[in-house]
Protein chains: 2
Amino acid sequence: MSTPPSSFSSSQRKPATRIRSTAEFAKYVGLARTTVSRVLNDQPGLKEATVTKVKQAMEETGFTPNAYALHLKGKKTATVGICMENLLTPPAVRKLARLQQKLKERGFSSLIEVLTPGTSKEVCRHFLSLRVDAIVFVGHFIEEEIAARVNEFNSQSTPHVVIDQLGIPGANSVALDRVKGMKIVIEHLIALGHTRFGLLGLSGSTRSIIDRLSGIESALTEHGLSKSESILTHDSKFIRKNDFDYGRALASAFSCAKNPPTAYVALNDEIAIGALHGFQDAGFKVPSDISIVGFNNQDICLMPKPVLTSVDQGIEETVDAAVNLLLDQIDRPSIKPRTKMIEPILIERGSCARRKK
Amino acid sequence: MSTPPSSFSSSQRKPATRIRSTAEFAKYVGLARTTVSRVLNDQPGLKEATVTKVKQAMEETGFTPNAYALHLKGKKTATVGICMENLLTPPAVRKLARLQQKLKERGFSSLIEVLTPGTSKEVCRHFLSLRVDAIVFVGHFIEEEIAARVNEFNSQSTPHVVIDQLGIPGANSVALDRVKGMKIVIEHLIALGHTRFGLLGLSGSTRSIIDRLSGIESALTEHGLSKSESILTHDSKFIRKNDFDYGRALASAFSCAKNPPTAYVALNDEIAIGALHGFQDAGFKVPSDISIVGFNNQDICLMPKPVLTSVDQGIEETVDAAVNLLLDQIDRPSIKPRTKMIEPILIERGSCARRKK
DNA sequence: TCTTGACCAAGACAGGTGTCCCAAGAAAAT
DNA sequence: ATTTTCTTGGGACACCTGTCTTGGTCAAGA
């Protein structure tokens, strides 16, 4: 951490208080404000010695021009507001991490807020008061709420993108094709000889669930299976928490029933792993007795024994597409809203096997 | 979605382009800029009708005063810059989530950047150019680099706090007492009759590792055990990755050796769970043959069978203390740097048992 | 010594906002 | 009808920066 050579004895001359403006800074350097400004903006016609003098002083004082004043002079804020559904689930965080990284590569800073129901208006106002160049939503929110925000964005031509939530009219969105996601899962299990399926946590009336159920149905009918006979669920018996313990409880419910299904499809990896443990505790062998498929392909898929087969979200692809959508809007404000679907990929591991007998 | 009652026919009158200033907005409303400004700042002496007229127009147009211009008038930016070591490990993200939430409660926005080695100067400059009210570091960084930043902060009296990294002179810091963390682990295992311990991933020369080793040593000597006879490690045999597979590899190395230790202490939960699987694959029973303790008490502790005993970091306590340190600095700029240590707590689960025989 | 450049100092303006001030207009009270 | 009180309009200034202009200083060349 050696200080670069300096004509000032650096440790002594450090100003007691922070320098807040180019005027103060110019006084410190002993030059006119305009001269300093010329150095800061790489303008020609300056003596070499002057330039180095100013740059050294910047090193010493850590002075930086006020970005807020710069913005008033017409400079872009180069800031993006990110609205997260939560910061606790690994897939959401992976998206955030990728998003922040990609935006940084393009020179944008990330402002982050977690959206609780009903706060979207306030949060977006705040972002807009900070004159962000774009706003991103990550996760599933109340549809009407986001639709209202998107409406506002469109009427003000504010660049935006909605990641993971489909069905918002007029929105730029990127989302996993969940219909297809479930379809390839069921087809995989059918190929392994399974005909009856237990659903773990796949109930509700959100767009995400409806899409996934429709994917399941589509796969079933294409293979001549009837929905009513092939599908079982015990979701309604427990308070839905979408976590490990919920999966475990569901498994025990299935285990107690007679003639349980041989294959299970879970809402997410947590539930799948909980169920896996539940079935193992009940004396079933995975995958020889029972096959289980998770969703999201998180790191925890490697934690249980056997390791969990799961559906990969293509997070990198999703976020990269979202960033591209954003940049397109920033470059061409008149561009029309677009939706990009991401193809899911089944990652086969050890929790599925051919049906016995 | 219902628009509040309005004298304008809302969907029609929406301006085609975004309103960018109070001047434009005042023209839209049909009032003087000063009058609008008075409404926005809740000044007295205004007719009721005028106030509601302006507020309705705000609803319709979504107009918000430019925060950048406000700051020029002396208003605080109410923004905090957060430097993250990474956004991929769950403990780091939990800290971020808590931090963002607590800051929001106090009215601060969160600017987030991931720091790669060598970028701290640039990132902090950027934060300072955005006139953040404080800067937070979360994670372990290159000591000299952070020390240099802290030095700059102190000379400019920039409020800051370093979470998780000790040993930075002059810094406001909050960190887990890792010495004690390891000490309570070893004491727990000694109480269960263990006398020989395998270390998983606990090698290196970072402050964090040194502290933890010193905690182990302290517990051993207090119980009359010698370090050289009680401690075994195979860390150097593999490329250290601190993940599940690394733990698994270490376990297989211990399994092959003759007379392996009966108790194992891991750097983190991932390694511990990997090792747990590795030992089980090698034919050992956990916890009857072998006891294992993780570190961090993440959610994944519940994934393996048996569930993993681990040390809780007290993330909430840590972050809350950090926020308090920040606020103290903002309120009293002359306050001296302080360090707050957080007490670790051993969470006993199923992966430890009394030593056989 | 005088001219010519090269360089810098100093002033002015714009950008959006809050606030102070004074004048103008409208409504209310006399 | 006149006066008083309420309310609004409009100008001015400060905040910080980049940029344009003008004027000044100093050294080098003629």
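Treat the numbers as computed from the prediction; the structure is a model and nothing was measured. Residue numbers start from 1 in every chain, and the chains themselves are labelled A, B, ... in the order their sequence lines are given, proteins ahead of strands.
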- Query: Expressed in angstrom and rounded to an integer, what is the separation of Leu31(B) atom CG from dA26(C) atom P?
  - Reply: 15 Å
- Determine: side-chain N/O of Gln43(A) to OP1/OP2 of dG18(D), distance under 4.0 Å, yes or no. no
- Message: Tell me the interatomic distance from Lys53(A), atom NZ, to dC8(C), atom P, rounded to whole angstroms.
- Response: 9 Å
- When Arg131(B) and Val51(B) are each assigned the nearest nucleotide of DNA chain D, the 5'-most assignment goes to Val51(B)
- Nucleotide nearest Ala69(A) when distance is taken to its side chain, options dA9(C), dT19(C), dT17(D): dT17(D)
- Task: Quickly work out the Leu70(A) CG to dT17(D) P distance and round it to whole Å.
- Result: 7 Å
- Query: In whole angstroms, how far is the P atom of dC15(D) from the CZ atom of Arg20(A)?
  - Reply: 13 Å
- Criterion side chain to side chain donor-acceptor pair (under 3.5 Å) against Lys95(B), the qualifying member of Asp164(B), Thr89(B), Thr318(B): Asp164(B)
- N/O (side chain, Ser37(B)) to phosphate O (OP1/OP2, dT17(C)) under 4.0 Å: no
- 5'-most contact on DNA chain C (nearest-nucleotide basis), Leu46(A) vs Thr34(A), goes to Leu46(A)
- Message: Please determine whether a side-chain nitrogen or oxygen atom of Asn66(A) lies at a distance below 4.0 Å from atom OP1 or OP2 of dT17(D).
- Response: no
- Task: Mind telling me whether Phe137(B) and Phe141(B) have parallel, tilted or perpendicular rings, with 30° and 60° as the class edges?
- Result: perpendicular
- Item | Between dA9(C) (P) and Phe25(A) (CZ): distance, integer Å | 13 Å
- Query: Which atoms form the tightest heavy-atom contact between Ala171(B) and Pro337(B), and what is the distance?
  - Reply: O-CB, 3.7 Å
- Which of dG18(D), dG16(C), dG18(C) is nearest the side chain of Pro65(B)? It is dG18(C)
- Exercise: identify the closest heavy-atom pair between Leu96(B) and Met84(B): CB-CE, 3.9 Å
- Please report, rounded to the nearest Å, how far the C1' atom of dT17(C) is from the CD atom of Glu24(B). 14 Å
- Message: Between Thr22(B) and dG16(C), is there a contact of a side-chain N or O with OP1 or OP2 at under 4.0 Å?
- Response: no
- Rounded to whole angstrom units, what separation is found between the CG atom of Leu130(A) and the P atom of dG16(C)? 17 Å
- Message: Please classify the nucleic acid contact of Lys47(A) as base, sugar-phosphate, or nothing, using heavy-atom distances under 4.0 Å.
- Response: sugar-phosphate
- Task: For Arg38(A) and dT19(D), give me the distance from atom CZ to atom C1', rounded to whole Å.
- Result: 9 Å
- Message: Heavy-atom nearest nucleotide on DNA chain C for Thr50(A) versus Arg33(A): which residue maps closer to 5'?
- Response: Thr50(A)
- Query: Closest approach of Pro169(A) and Ala147(A), non-hydrogen atoms and distance?
  - Reply: CD-CB, 4.4 Å
